[in-house]
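Basis for what follows: all heavy atoms, side chains included, without hydrogens, waters or symmetry-related copies. Chain letters run A, B, ... following the sequence lines, proteins first, then strands; residues in each count from 1.
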Protein chains: 2
Amino acid sequence: MKSVEAITSLAETFRVLGDPTRIRIAFALSREELCVCDIANLLGVSQSAVSHSLRTLRQMKLVRFRKEGKIAYYALDDDHIAELLEVGFGHVEEKR
Amino acid sequence: MKSVEAITSLAETFRVLGDPTRIRIAFALSREELCVCDIANLLGVSQSAVSHSLRTLRQMKLVRFRKEGKIAYYALDDDHIAELLEVGFGHVEEKR
DNA sequence: CGCTTACATGAACACACGTTCATATATCGT
DNA sequence: ACGATATATGAACGTGTGTTCATGTAAGCG
């Protein structure tokens, strides 16, 4: 039996990925490291909204970033995240 | 590149699993088929809340059910769901 | 038949959430 | 030093969401 905290934390993770903007960001980052403004341009979302979304993703340790001068490069925090996305895609594609 | 619909649908799936009650239900169902009142007792949640949650899970085809007399037995719709939960647990347990 | 049990559902309320807007900080170019 | 660029963040506003409460339907039981 899994602990209550693990289940709560898992729900949190899914909830964070359960937003169109955030999952699009995660999916973009699964292909390559990107800076904030590139993400914003790529998705057609305001820089502010991207920053807020990245903050949420960061808090759940789904993404990490490194700062190079004034530019912040974001990437998925580890391979589990990409795996989670792929298993998820497997599900939605089967159901279509 | 994944289609916009696939990403939207994936976000929906994660959103639905991103609720404590619903993910607890999904986790319980990953072990065995259960009827509504058993789920309610198991989680300590009202029957009404469980029914509403199951409806949401059903709409995303995450669970299926069969009716036997007046009792409705619910189960995960397919093995992908359990896999999704396990990959998710792998992530949260690594991050702790 | 009533009565109980199992489940579903609509309305409503309180709360959470994502975006925008305004603004702050820090770095780069000139 | 000054303006432009890159990013972060707080407040606020509209919207979405989960629960409860009340009620409905349908099956089993005496």
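Within the 4.0 angstrom heavy-atom criterion, only backbone atoms of the sugar-phosphate kind lie near B:S53; the bases stay farther away. No engagement by A:Y73 is indicated, since no non-hydrogen atom pair under 4.0 Å with the nucleic acid exists. Using a 4.0 Å heavy-atom distance criterion, A:S51 is classed as a base contact. Among the heavy atoms of the strands lying under 4.0 Å from A:A49 is at least one base atom, whether or not backbone atoms are also near.
For the 3.5 Å distance criterion, the side chains of B:S51 and B:Q47 qualify, holding a donor opposite an acceptor. Counting only N and O atoms by type, the side chains of A:R58 and A:Y74 include a donor and acceptor under 3.5 Å apart.
Nucleotide D:dG28 holds its C1' atom 13 Å from the NZ atom of B:K67, rounded to whole Å. Remark: P of D:dT7 and CG of A:L57 are 16 Å apart, rounded to the nearest angstrom. As rounded to whole Å, 12 Å separates atom P of C:dT20 from atom CG of A:L43. Atom CG in A:L34 sits roughly 14 Å away from atom P in D:dA6 (whole-Å rounding). Between the P atom of C:dA6 and the CZ atom of B:F65 lies a distance of 17 Å, rounded to the nearest Å. The distance between atom CE of A:M60 and atom C1' of C:dC17, rounded to the nearest whole Å, is 16 Å. D:dT17 atom C1' lies 12 Å from atom CD of B:E12, rounded to whole Å. The distance between atom CD1 of A:I23 and atom P of C:dG18, rounded to the nearest whole Å, is 13 Å.
A sub-4.0 Å separation between OP1 or OP2 of D:dA8 and a side-chain N or O of A:Y74 is present. Side-chain nitrogen and oxygen atoms of B:T21 include at least one within less than 4.0 Å of the OP1 or OP2 phosphate oxygen of D:dT19. Contact check, B:R15 against C:dG18: no side-chain N or O comes under 4.0 Å of OP1 or OP2. Applying the 4.0 Å criterion to OP1 and OP2 of C:dG18, one finds that A:R22 has a side-chain N or O inside that range. Using a 4.0 Å cut-off, no side-chain N or O of A:R55 falls inside it from OP1 or OP2 of C:dC17.
Which of D:dT9, D:dT19, D:dT7 sits closest to the side chain of A:R58 comes down to D:dT9. The listed nucleotides are C:dC7, D:dA8, D:dA27; the one nearest the side chain of B:K70 is D:dA27.
Within the model, atoms CG of B:L29 and CG of B:L62 stand 10.5 Å from one another, a figure rounded to the nearest 0.5 Å. Interatomic distance, A:E5 CD to A:E12 CD, rounded to the nearest 0.5 Å: 13.5 Å. Rounding to the nearest 0.5 Å places NZ of A:K61 at 11.5 Å from CD1 of A:I81.
Side-chain atoms of B:S48 and base atoms of D:dC21 include a donor and an acceptor less than 3.5 Å apart. Scanning atom types as modelled, one donor and one acceptor separated by under 3.5 angstrom connect the side chain of A:Q47 and the base of D:dA8.
Heavy-atom distances to DNA chain C give each of A:V16 and B:L54 a nearest nucleotide, and the one nearer the 5′ end belongs to B:L54. Each of A:V45 and B:I71 was matched to the nucleotide of DNA chain C holding its nearest heavy atom; the match closer to the 5' end belongs to B:I71.
Both stacking criteria are satisfied for B:H52 over the base of C:dT9: a centre-to-centre distance under 5.5 angstrom and an angle between ring planes under 30 degrees.
Under the 4.0 Å criterion applied to side-chain N and carboxylate O atoms, A:D78 and B:K95 are assigned as salt-bridge partners.
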